[in-house]
Amino acid sequence: MKPQKLAGKTIVISGGSSGIGLELVKRLQPDNTVIVLGRDKEKLARLEARGVVTFSLDIAEKSERNALFRWLDDHYPHFDVLINNAGWSRPHKLAARLPVQSDDEDCEDYELELRHNLEAHIGMTLHALPRLLTRPDAFIINVTTGLVYNPKAASPYYCAAKAGLHSFTQSLREQMKEHDLQVVEVLPPLVDTPFHQQGLPATIRAVTPRSVVHAIIKGVQQNRHEIRIGLSKLAYILGRIQPSLGFHLVNRK
């Protein structure tokens, strides 16, 4: 298989205004047309000032995804890379949940996290797929987490969603084997980004977004379909040979 390179492409990336996504934009913009998707219009405006194309939407809303792909068909019909990177999480104490009082209540917390971290990315992929299948050397890159191997109990919905995306990515890759479409999964460890709004845990050392992006670019060049970074490599091994120890290490206080 020939070496791959993310250059000379039109790249659509969700969650590209901060953290890993922003670092990817910085690295990819000089050699590509980069289109950043996000909800924070102030952050998107700062990117536009640097020459980055942006589109404001909530990818969890089907109607907004439909509008995005109509816009892409009009303005960038030949995009050839989709990076599903957006995500968010917060801790949950399941025993402290209050019972649902009404059928008319807005989405519950678990529904929101599953929609944003799983359903939205599947929806984005299914929208993009028929378009990408017409392009040579196209990519779908899904960013999950090393927690797909050993979940963090304090983040049950996030870990469940990412495990689902991990499974979907494997199935998609298998179905695309006869097509000119590379399906890549990136599994970062703990990363020092605004994603961790309540602070980083003291038990694990976080890596930098720059180091994650360096590993992604290198992994793509080496035709790796699962790019495990840092402690995610250990999580993968422990998940296979001693899962109880891996679970203990992730969840130690």
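For this chain, numbers begin at 1 and follow the sequence in order.
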Donor-acceptor contact below 3.5 Å, side chain [X] vs main chain [Y]:
{"X": "S167", "Y": "G164", "result": "no"}
{"X": "S14", "Y": "A86", "result": "yes"}
{"X": "H121", "Y": "K162", "result": "no"}
{"X": "D180", "Y": "D137", "result": "yes"}
{"X": "R173", "Y": "V183", "result": "yes"}
{"X": "N150", "Y": "V250", "result": "no"}

Distance, nearest 0.5 Å, that separates [atom1] of [X] from [atom2] of [Y]:
{"X": "S211", "Y": "I229", "atom1": "OG", "atom2": "CD1", "value": "7.5 Å"}
{"X": "L68", "Y": "S56", "atom1": "CG", "atom2": "OG", "value": "10.5 Å"}
{"X": "E174", "Y": "H225", "atom1": "CD", "atom2": "NE2", "value": "11.5 Å"}
{"X": "H127", "Y": "K62", "atom1": "NE2", "atom2": "NZ", "value": "7.0 Å"}
{"X": "L47", "Y": "I35", "atom1": "CG", "atom2": "CD1", "value": "13.0 Å"}
{"X": "S17", "Y": "K41", "atom1": "OG", "atom2": "NZ", "value": "13.5 Å"}

Presence of salt bridge, R228 and E226, under 4.0 angstrom: yes
Do [X] and [Y] have side-chain heavy atoms sitting under 4.5 Å apart?
{"X": "V12", "Y": "L37", "result": "yes"}
{"X": "V34", "Y": "V36", "result": "yes"}
{"X": "N117", "Y": "L114", "result": "no"}
{"X": "I13", "Y": "L24", "result": "yes"}
{"X": "N142", "Y": "V184", "result": "no"}
{"X": "F139", "Y": "V220", "result": "yes"}
{"X": "L147", "Y": "P151", "result": "no"}
{"X": "R46", "Y": "R50", "result": "no"}

Under 4.5 Å between side-chain heavy atoms, hopping through other hydrophobics if needed: is there a path connecting [X] to [Y]?
{"X": "V81", "Y": "M124", "answer": "no"}
{"X": "I237", "Y": "L249", "answer": "no"}
{"X": "V212", "Y": "I83", "answer": "yes"}
{"X": "I59", "Y": "L44", "answer": "no"}
{"X": "F168", "Y": "I140", "answer": "yes"}

Looking only at heavy atoms, what is the nearest atom pair of [X] and [Y], with distance?
{"X": "S232", "Y": "P189", "value": "OG-N, 3.3 Å"}
{"X": "G146", "Y": "A235", "value": "O-CB, 3.8 Å"}
{"X": "L28", "Y": "N32", "value": "O-ND2, 2.8 Å"}
{"X": "P243", "Y": "G239", "value": "CB-O, 3.9 Å"}
{"X": "D80", "Y": "T10", "value": "OD1-N, 2.9 Å"}

Counterpart residues, side chain to side chain contact (heavy atoms under 4.5 Å, CB included), relative to [X] (two or more places apart):
{"X": "S155", "value": "S89, Y158, C159"}
{"X": "A128", "value": "F69, F79, L82, L132"}
{"X": "L118", "value": "I122, A161, L165"}
{"X": "L234", "value": "L231, L238"}

For the pair N84 and V143, evaluate side-chain contact (heavy atoms from CB on, under 4.5 Å) and give the outcome as yes or no after the intermediate values. CA-CA 6 Å; N84 287 312; V143 180; over 6 Å; no
Test side-chain contact (heavy atoms from CB on, under 4.5 Å) on Q182 and M176; report intermediate values, then the result. CA-CA 8 Å; Q182 301 298 313; M176 293 300 110; over 6 Å; no
For [X], enumerate each residue passing the side chain to side chain donor-acceptor pair (under 3.5 Å) test, keeping only those at least two apart in sequence or located in another chain.
{"X": "D58", "value": "H116"}
{"X": "Q242", "value": "none"}
{"X": "T144", "value": "E185"}
{"X": "D40", "value": "none"}

Quick test of your reading: applying ring-ring contact (aromatic ring centres under 6.0 Å, His included), list the pairs with at least one residue in residues 231-253, sequence neighbours left out, ordered by first then second residue. Y149-Y236
For H179, does the NE2 atom sit with more than 12 other heavy atoms under 6.0 Å from it, leaving out its own atoms? yes
For residues 9-32, the salt bridge (Lys or Arg N to Asp or Glu O under 4.0 Å) pairs (sequence neighbours left out) are E23-R210
For residues 122-132, pull every pair meeting salt bridge (Lys or Arg N to Asp or Glu O under 4.0 Å), keeping only residues two or more places apart or in separate chains. D73-R131
ring-ring contact (aromatic ring centres under 6.0 Å, His included) partners for F55, two or more places apart: W71
